Amino acid sequence: LVSTLEIHQSNLAINIFPNPAGNLLFVHSPVVNLESITIIDVTGRIVMTVPTSNLLNDQVNIDLTKLQSGIYMVNIKSADQEISTRLIKL
């Protein structure tokens with residue numbers, strides 16, 4: 001089962017897909033200018049910081065090949081909000 005997480009909170013409209021993810025995760029944000037994307041493991045350690053300067057066509061492609069299989073949190077920060085969602089890495 002693969003899903004797309006759509007988050008709509010006030011002005012924040014972000015799609016994160018696929019989830020569960022293999023080696024690639026996409027963060028699509030047509031409305032919001034993203035400031036930062038971080039991936040955190042279950043111990044609370046930041047395992048990846050993704051440069052949002054890589055935004056292309058309102059989307060950031062995140063290479064997950066260096067991550068072990070498991071559960072992570074994806075934190076996405078914009079100028080006025082921050083969201084967190086669970087990610088399953090296959």
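From a predicted model like this one, the values you see are computed outputs, not experimental measurements. Worth knowing before you read on, the calculation uses all heavy atoms, side chains too, and leaves out hydrogens, waters and symmetry mates.
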inquiry  = Do Asn75 and Ser84 pair up side chain to side chain, a donor and an acceptor below 3.5 Å, judged on atom types alone?
reply    = yes

Verify same cluster id: Met73, Val60 (apolar side-chain graph, 4.5 Å) = no

Between CD on residue Gln59 and OG on residue Ser29, distance to nearest 0.5 Å = 10.5 Å

remark   = Heavy-atom closest pair (Asn19 atom, Arg86 atom, distance to 0.1 Å) is ND2-O, 2.9 Å

query = Do Val27 and Ile62 have side chains that get closer than 4.5 Å, going by heavy atoms?
reply = yes

query = Given the rule in the side chain to side chain contact (heavy atoms under 4.5 Å, CB included) test, do Leu24 and Leu64 qualify, once you have shown the distances and angles that lead to the verdict?
reply = CA-CA 5 Å; Leu24 208 51; Leu64 301 176; over 6 Å; no

inquiry  = If hydrophobic clusters are built from ILVMFWY residues whose side chains come within less than 4.5 Å, do Leu87 and Val47 share one?
reply    = yes

ask   = Hey, what do you get for CD1 (Ile16) to CD1 (Ile14), rounding to the nearest 0.5 Å?
value = 6.5 Å

key: From Asn23 atom CG to Leu90 atom CG, the distance as rounded to the nearest 0.5 Å   = 9.0 Å

ask   = Would you say Phe17 and His28 make side-chain contact, with heavy atoms under 4.5 Å?
value = yes

remark   = Note: Leu34 and Ile76 closest approach over all heavy atoms is CD2-CG2, 3.6 Å

key: Nearest-0.5 Å distance, CD1 of residue Ile39 to CD1 of residue Ile46   = 11.0 Å

key: Atom pair CD1 (Ile71) and NZ (Lys89), whose distance is rounded to the nearest 0.5 Å   = 13.5 Å

request  = Start with the C-alpha distance between Thr52 and Glu35, add both sets of side-chain angles, then the distance that settles side chain to side chain contact (heavy atoms under 4.5 Å, CB included), and finish with yes or no.
outcome  = CA-CA 6 Å; Thr52 55; Glu35 288 186 355; 5.6 Å; no

query = With hydrophobic residues grouped by side-chain heavy-atom distances under 4.5 Å, do Tyr72 and Ile40 end up in a single group?
reply = no

